[in-house]
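To keep things clear, I will list the structure first and then write my remarks on it.
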Protein chains: 2
Amino acid sequence: MSDRTVVLASHNQGKLVELRRILEPQVGGVKVLGLDDIGDFEEPVEDQPTFEGNALLKARAAAVATGLPSLADDSGLCVDALNGMPGVLSARWGGRPKSDERNNALLLDQLADVPDERRTAQFRCAMALVLPGGAEVVELGVMPGRVQRGPTGDGGFGYDPLFVAEGYEVSTAELSASDKDAISHRGRALRAMVPHLVELLV
Amino acid sequence: MSDRTVVLASHNQGKLVELRRILEPQVGGVKVLGLDDIGDFEEPVEDQPTFEGNALLKARAAAVATGLPSLADDSGLCVDALNGMPGVLSARWGGRPKSDERNNALLLDQLADVPDERRTAQFRCAMALVLPGGAEVVELGVMPGRVQRGPTGDGGFGYDPLFVAEGYEVSTAELSASDKDAISHRGRALRAMVPHLVELLV
């Protein structure tokens, strides 16, 4: 592996595509591997109560398994009317089997009687970088907005079709990839991480 | 209607049975009517962010509609690992169609990876009494405990099969009605309300 290889501790192709899109223009020749490229790797159970805790858990496990600098994020939608939930449970909010469609439908049902002025929410992301030697950094990113009353758009993933960022009239599933990166929680956290990666990899 | 008639602003037969069981020994000759006994009554949408707010909303509407002293409760299960949710959304947590089975299954799925020491929860109840003249009282009751990993027992209703009260080894669905009343959130709130009802009705 080259000196410019980093692992993203995720099987989520959507996240991998987003990460490469943001990182490649910043770090020439960087190679981002996902867990599907790694072979045998037992993902830890994401049982921490915070995004930071889960991101560190995953990045540490990937750094140990691969001996490579490893990034992991934990992200989710924090809805004020749900006291900040789904939060760390965003991906599995609707129970089993996990599905974006199921999660979105449940969230809309739960918020059915919540009036517009109380439908505020934030997408939050904690991005952790763990080096094989043990050094660790966590960066946070937030995108404030609100949960609309039905899905629109077919871009993005997760709760994107329900979420309208502050200052926008369309959902984050209706934004172009580059427009979304510019404001997204993951984009913000990742850009905050870039200087650390540049220092490490260049 | 007699001087000792009160309305419980609920269609929930389980709540009505509980209320009669607790109130009848305390207030001789009291008659408790439910919404099914009232005829035309448009229930307000329970869209308030607090139990107190929803209980008052319902009791006010019933007092206006019937001209009788009206009680209403809003109750729910507040799970610490869900930042206090399902809370006011307890009855509709699993979305549509509303069902205890669906709500319980979803809650178990959401908490699947939450370790035992973080499965603490409280059943909370706000009980409101509103008189036709406009006087209002709210009393609160809390039952602390934890969410177990599967349902046990066939008594009670709602989340009772999943909830183990502090100091107990069995779920609240396995307690006798009188044992449950002695410790339950609704029992506590209602007993706190009894002096107000006695003053009013006796």
Side-chain angles (χ1 to χ4, degrees), chain A residues 42-51 53-54 57-58 61 74 76-122 124 147 149-151 159 162, chain B residues 42-51 53-54 57-58 61 74 76-122 124 147 149-151 159 162:
Chain A
E42 200 176 332
E43 270 187 280
V45 176
E46 298 180 38
D47 61 359
Q48 298 299 299
T50 62
F51 295 124
N54 284 321
L57 198 73
K58 288 186 282 185
D74 194 37
L77 182 63
C78 300
V79 177
D80 294 329
L82 301 179
N83 293 348
M85 301 306 294
V88 292
L89 300 180
S90 289
R92 49 195 148 166
W93 193 237
R96 298 176 189 130
K98 286 187 194 177
S99 101
D100 283 352
E101 195 182 348
R102 198 179 160 99
N103 291 338
N104 280 289
L106 176 64
L107 185 65
L108 286 175
D109 268 7
Q110 290 172 330
L111 299 181
D113 293 332
V114 176
D116 288 348
E117 66 272 19
R118 287 200 291 111
R119 297 176 74 90
T120 49
Q122 306 85 42
R124 293 181 178 271
V147 180
R149 294 193 174 271
Y159 297 98
L162 302 186
Chain B
E42 199 175 334
E43 271 186 279
V45 176
E46 298 179 39
D47 61 359
Q48 297 299 298
T50 62
F51 295 123
N54 284 322
L57 198 73
K58 288 186 281 185
D74 195 36
L77 182 62
C78 299
V79 177
D80 293 327
L82 300 179
N83 293 348
M85 303 306 292
V88 293
L89 300 180
S90 289
R92 49 196 147 162
W93 193 236
R96 296 174 191 130
K98 284 187 196 178
S99 100
D100 284 351
E101 194 182 349
R102 200 179 159 98
N103 291 338
N104 280 289
L106 176 63
L107 184 65
L108 286 176
D109 268 7
Q110 289 173 331
L111 299 182
D113 292 332
V114 176
D116 289 348
E117 65 272 18
R118 289 202 287 112
R119 298 176 74 91
T120 49
Q122 306 85 42
R124 292 181 177 272
V147 180
R149 293 194 175 271
Y159 297 98
L162 300 187

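In what follows, chains carry the letters A, B, and so on, assigned in the order in which the sequence lines appear, proteins first and then strands, with residues in each chain numbered from 1. Atoms considered below: every heavy atom in the structure, side chains included; atoms not considered: hydrogens, waters and symmetry mates.
Residue-environment remark: CD (E42(B)) stays at or below the threshold of 12 foreign heavy atoms within 6.0 Å. Atom CD of E101(B) is surrounded by 12 or fewer heavy atoms from other residues, nucleotides or ligands within 6.0 Å.
Panel note: side chain R124(B), backbone V88(B); no donor-acceptor pair is recorded below 3.5 Å.
Interface remark: of the candidates A81(A), G84(A), P49(A), G95(A), P49(A) forms the most heavy-atom pairs closer than 4.5 Å to chain B. Interface summary for chain B: among R92(A), E46(A), R118(A), the most heavy-atom pairs under 4.5 angstrom belong to R118(A). Ranked by heavy-atom pairs shorter than 4.5 Å toward chain A, the options L111(B), V45(B), D109(B) are led by D109(B).
Contact of L82(B) with chain A is made through backbone and side chain together, with heavy-atom distances under 4.5 Å. Contacts between L106(A) and chain B at a heavy-atom distance below 4.5 Å involve the side chain alone, from C-beta outward. Within the 4.5 angstrom heavy-atom criterion, no atom of V114(A) approaches chain B.
Rounding to the nearest 0.5 Å places CE of M85(B) at 11.5 Å from CG of L107(B).
Of the residues L77(B), N103(B), V79(B), D74(B), the one that meets the side-chain contact (heavy atoms from CB on, under 4.5 Å) test with S90(B) is L77(B).
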